[in-house]
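This report refers to the structure that appears directly beneath it.
Heavy-atom basis, side chains included; hydrogens, waters and symmetry copies ignored. So that the names make sense, note that chain A is the first sequence line, chain B the second, and so on, each numbered from 1.
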Amino acid sequence: NEVSPTKQARGDSGKEPKLHRRWASSPLTRQNKQLNFRLQQSQITLFTKCAAMTPFSLSKVIKEEGGHSVSTKKKKTKEEIEAARALKVKKKEEEEKQRWRWWEEEKYEDGVKWKFLEHKGPYFPPGYQPLPDDVKFYYNGKPVKLSLPAEEVALFFAQMVDHEYTTKEVFRNNFFKDWRKEMTLEERQLIMDLNKCDFGELHAMHIKKVEARKNLSKEEKLVNKEANQKIVDEYGYCVLDHHRERIGNFKIEPPGLFRGRGDHPKQGMLKKRIQPEDVIINCSKGSRIPEPPAGHRWKEVRHDSTVTWLASWTENVQGSCKYVMLNANSKLKGEKDWEKYEVARKLKTCVDAIRAQYQEDLKSKQMGTRQRAVALYFIDKLALRAGNEKEEGETADTVGCCSLRVEHITLHDTLDGQKCVVEFDFLGKDCIRYYNKVPVTKRVFKNLKLFMENKQEGDDLFDRLNTQTLNKHLSSLMPGLTAKVFRTYNASITLQQQLKELGNMKENVAEKLLSYNRANRAVAILCNHQRAPPKTFEQSMANLQAKIDSRKEQLDLAKKELKQAKKEAKGSSDNKLLIVVEKKKKAVQRCEEQLLKMEVQATDREENKQIALSTSKLNYLDPRISVAWCKNMEVPLDKIYNKTLRDKFAWAIDMTEHDFVF
DNA sequence: TCTGAGACTTGGAAAAATATTA
DNA sequence: TAATATTTTTCCAAGTCTCAGA
């Protein structure tokens with residue numbers, strides 16, 4: 001029952017219990033209804049489990065009352081706790097003092113990103129370590145000693161054999177083709193069939209290594225940690241305009257097999273090792289130029305202050321550029337983020353006019369204009385992505401608004417008692433399915449029918465529209481306006497509205513947080529931020545259910561004991577018996593609360609099964625809304641933003657007053 | 001006007017770090 | 001203390017959007 005030293009050092013005695021949402025108890029707005037509808041679509045049960053629940057009161061106090069060692073553990077290390085706390089406060093103050101308050105400074109002239117930039121260059125992954133002699137690759141049952149390049153690639157595959165990827169035809173074919181390119185002529189002549197390859201020993205070795213790393217002693221782990229920290233200290237920071245800034249990804253991506261998402265035609269291809277000769281360095285002219293690794297040179301060293309990257313290289317699978325850039329808490333990223341939300345706020349001031357305009361455009365004589373209007377209607381109402389064109393055969397077949405094809409929507413004159421319903425079913429970014437049935441206006445519906453006339457399944461729905469022309473039009477309506485701004489705007493405004501509706505000052509912190517999470521979830525649903533249910537989901541759910549069941553039994557028992565105690569105490573004036581009754585009462589109460597908490601947790605987990613909240617929190621929700629909400633509701637900010645988020649949104653935390661309105 | 005390169009944001013999965021529980 | 005669950009961080013793929021050049 002000891003409080004762990006780390007816990008003490010951080011000064012928190014425990015986490016707030018899991019929260020759940022009570023949709024049923026909140027008044028539903030139009031948008032909320034829509035979201036609920038979407039939820040039902042994705043087969044998430046909202047009401048069944050938690051509708052009957054009463055608000056629960058959760059507190060650490062109850063938990064601590066239940067324990068018996070609270071006082072002893074506090075006594076033991078009281079001074080240590082105090083010292084640790086003081087240290088923490090001091091560290092925090094120090095950090096705050098060091099923080100670059102760039103948001104209080106003048107902005108640079110357009111296009112200039114920095115005046116001075118110095119860094120150590122990217123960190124290269126360690127070279128390939130050949131297999132030990134006792135680990136063999138077999139072809140057709142016979143051991144084959146591979147050349148080093150072929151061996152390295154074989155190991156990439158071996159490390160993945162229990163991943164679903166390696167069962168896929170496309171992955172296997174791509175891998176085999178690229179692997180053979182790395183082989184010597186001799187190897188190529190021998191190894192003709194992937195199915196005859198036995199990577200068993202290589203795989204076993206990999207598993208063993210992973211296992212061994214996991215089982216390192218505390219000391220060994222610490223040594224590793226310190227070594228890693230040293231790398232971060234050396235390569236993880238740069239100096240940008242007199243300030244030390246954290247770099248986001250200072251490590252060159254190691255070689256491996258390309259893991260494209262969904263049905264990616266290039267999955268399994270070899271992602272080659274990057275050499276210093278492939279890397280372009282970007283830094284100040286007057287700065288210390290980073291040293292390339294011994295015996296190597298850079299591809300180029302340039303001094304371009306109109307871009308934010310420190311190093312770049314071209315990746316061989318897709319031929320695209322990769323960049324080393326700053327961390328999200330840097331000035332460069334923060335300023336851009338701030339700007340993004342300011343543009344979205346500006347949209348708020350003219351969104352009514354823009355909506356009126358596209359409603360009007362639905363009637364246009366120009367087909368292109370009508371298509372643009374319908375597309376905008378979708379982007380605004382459903383928060384669809386713009387949908388750039390993609391090169392066929394180069395990537396998985398996914399679409400956004402402008403690239404929707406006839407096969408992706410079905411029109412229903414009536415559906416489930418509603419008129420003019422559009423049924424969407426397509427794969428969006430990262431091959432995440434978007435499925436939604438949306439009632440639209442008659443005019444939109446009629447237009448869609450028109451667009452689909454004489455078209456085949458694979459034809460573009462909006463054949464007169466692309467994202468460039470759409471964005472060009474948008475920027476003429478408002479400077480800086482693009483399709484993606486609607487997503488930011490609608491996400492943030494939804495959060496604000498939901499918080500306003502769900503919030504209640506009388507609630508306790510846990511309940512307020514519940515409201516916040518619900519609002520956040522509404523946004524995640526709007527933006528279709530889904531995740532695959534965790535692999536261990538069913539198991540963990542079953543475990544929880546088992547715990548609930550056993551707690552129920554405990555409760556029954558406690559109730560019986562209470563009854564018995566009451567019976568015995570009845571008519572008696574024996575104080576001892578009355579105390580027993582009180583004790584039993586408390587036990588029942590405690591049991592009930594714990595049961596409720598677990599049931600709530602189960603509900604929450606179930607509801608969140610396929611919803612990812614982090615993306616919207618990180619990218620779409622103006623942090624000032626959340627900061628102001630915390631101030632108004634008297635909720636500590638660290639209840640909704642962890643350290644990383646607080647760093648990223650330092651600008652917002654610093655500048656936001658309680659009266660901020662998005 | 002079209003196209004592709006380039007630069008940057010957004011996205012979920014997986015790994016790693018922590019917290020909790022048995 | 002070990003096993004397990006949860007949260008945070010890392011990773012890198014996949015989008016959006018702009019701009020230059022034909």
Side-chain angles (χ1 to χ4, degrees), chain A residues 1-4 6-7 10 12 14-15 17-18 63 111 113 163 210 213-215 218 221 224-225 228 232 248-254 256 258-262 264 266-267 271 280 282 304 306-309 312 314-315 317-323 325-328 332-333 336-337 340 385-391 394-396 398-403 428-432 466-472 474-475 480-485 487-488 491 524 527-532 534-537 539-540 543-544 547 601 605 610-616 618-620 642-645:
Chain A
N1 258 342
E2 287 278 318
V3 173
S4 77
T6 50
K7 224 187 218 174
R10 300 206 335 300
D12 47 8
K15 279 239 139 157
K18 266 264 176 183
K63 206 175 171 185
K113 305 285 167 49
H163 198 287
V210 171
R213 200 170 18 163
K214 220 169 65 187
N215 293 329
K218 247 183 185 165
K221 276 184 182 165
N224 279 347
K225 203 175 166 184
N228 282 333
V232 173
N249 57 325
F250 59 90
K251 286 178 179 165
I252 295 279
E253 290 174 18
F258 179 73
R259 293 155 98 112
R261 316 226 170 98
H264 195 116
K266 296 192 170 186
Q267 61 181 280
K271 209 171 90 165
I280 303 173
N282 191 33
D304 184 353
T306 68
V307 294
T308 66
W309 53 269
S312 75
T314 303
E315 161 268 357
V317 175
Q318 319 229 54
S320 61
C321 296
K322 297 266 186 171
Y323 301 93
M325 287 185 188
L326 294 189
N327 188 269
L332 251 29
K333 295 287 184 193
K336 200 79 188 293
D337 213 32
K340 171 180 79 184
R385 296 187 186 84
N388 282 315
E389 283 153 281
K390 302 172 72 179
E391 219 173 318
E394 295 291 301
T395 61
T398 62
V399 297
C401 185
C402 292
S403 49
K429 183 180 178 180
D430 293 316
C431 289
I432 301 290
N466 60 43
T467 53
Q468 291 96 307
T469 54
L470 177 70
N471 279 337
K472 212 174 159 192
L474 287 175
S475 70
L481 185 61
T482 62
K484 139 180 135 75
V485 178
R487 243 167 110 79
T488 312
C527 292
N528 201 39
H529 290 145
Q530 294 185 18
R531 60 170 181 169
K535 283 206 178 79
T536 55
F537 185 84
Q539 185 56 53
S540 119
N543 290 347
L544 192 54
K547 269 163 72 183
Q601 194 180 5
R605 205 179 287 177
Q610 59 225 99
I611 297 174
L613 297 183
S614 53
T615 302
S616 49
L618 209 59
N619 300 301
Y620 288 105
N642 64 26
K643 177 89 173 79
T644 311
L645 253 19

N/O (side chain, [X]) to phosphate O (OP1/OP2, [N]) under 4.0 Å:
X        : N      : answer
A:Arg213 : B:dA16 : yes
A:His163 : B:dA14 : yes
A:Tyr620 : B:dG11 : yes
A:Ser320 : B:dA5  : no

Using a 4.0 Å heavy-atom cut-off, does [X] contact any base of the nucleic acid, only the sugar-phosphate backbone, or nothing at all?
X        : value
A:Lys271 : sugar-phosphate
A:Lys266 : nothing
A:Lys643 : nothing

Please enumerate all residues that pass ring-ring contact (aromatic ring centres under 6.0 Å, His included) together with A:Tyr620, with sequence neighbours excluded.
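A:Tyr620 satisfies ring-ring contact (aromatic ring centres under 6.0 Å, His included) with A:His529 once adjacent residues are dropped.
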
Can you list everything that forms a side-chain hydrogen bond (donor to acceptor under 3.5 Å, both in side chains) with A:Asn543? Sequence neighbours excluded, please.
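With neighbours one apart ignored, the set is A:Gln539.
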
Not counting sequence neighbours, which residues clear side-chain hydrogen bond (donor to acceptor under 3.5 Å, both in side chains) with A:Glu394? List them please.
A:Lys266

Could you state the [atom1]-[atom2] distance from [X] to [N], rounded to the nearest angstrom?
X        : N      : atom1 : atom2 : result
A:Ile432 : C:dA13 : CD1   : P     : 16 Å
A:Asn228 : B:dA15 : CG    : P     : 16 Å
A:Asn282 : B:dG6  : CG    : P     : 14 Å
A:Ile611 : B:dG11 : CD1   : C1'   : 16 Å
A:Lys333 : B:dA7  : NZ    : P     : 12 Å
A:Lys340 : B:dT9  : NZ    : P     : 8 Å
A:Asn642 : C:dT8  : CG    : P     : 5 Å
A:Gln610 : B:dG12 : CD    : P     : 13 Å

Only counting residues at least two apart or in another chain, list the ones meeting side-chain contact (heavy atoms from CB on, under 4.5 Å) with [X].
X        : answer
A:Asn327 : A:Arg246, A:Asn329
A:Ile252 : A:Pro122, A:Phe124, A:Pro125, A:Ile274, A:Val279, A:Trp313
A:Arg385 : A:Lys429, A:Arg487

Closest non-hydrogen atom pair between A:Ala483 and A:Asn471, with its separation:
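Closest heavy-atom pair between A:Ala483 and A:Asn471: N-OD1, 2.9 Å.
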
Considering heavy-atom distances to DNA chain B, does A:Cys321 or A:Lys336 have its closest nucleotide positioned more toward the 5' end?
A:Cys321

A:Gly319 vs A:Ala532, nearer the 5' end of DNA chain B by closest nucleotide:
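Counting from the 5' end, the first nearest nucleotide belongs to A:Gly319.
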
A:Gln267 versus A:Arg261: any side-chain heavy-atom pair under 4.5 Å?
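Not touching, per the 4.5 Å side-chain cut-off.
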
Flag the pair A:Tyr323 / A:Thr308 as yes when at least one side-chain heavy-atom distance between them is below 4.5 Å, and no otherwise.
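No, side chains not in contact.
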
For the side chain of A:His529, starting at C-beta, report the closest nucleotide among B:dA13, C:dA13, B:dG11.
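That would be B:dG11.
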
Under 4.0 Å protein heavy-atom contacts per nucleotide of nucleotides 14-22 of chain C, with B for base, S for backbone only and - for none
BSBBS----

Salt bridge (Lys or Arg N to Asp or Glu O under 4.0 Å) against A:Lys271, all qualifying residues, sequence neighbours excluded:
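Only A:Glu253 meet the salt bridge (Lys or Arg N to Asp or Glu O under 4.0 Å) criterion with A:Lys271.
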
Provide a list of protein-nucleic acid N or O atom pairs under 3.5 angstrom, restricted to nucleotides 2-5 of chain C.
from	atom 1	to	atom 2	distance (Å)
C:dA5	OP1	A:Asn543	ND2	2.6

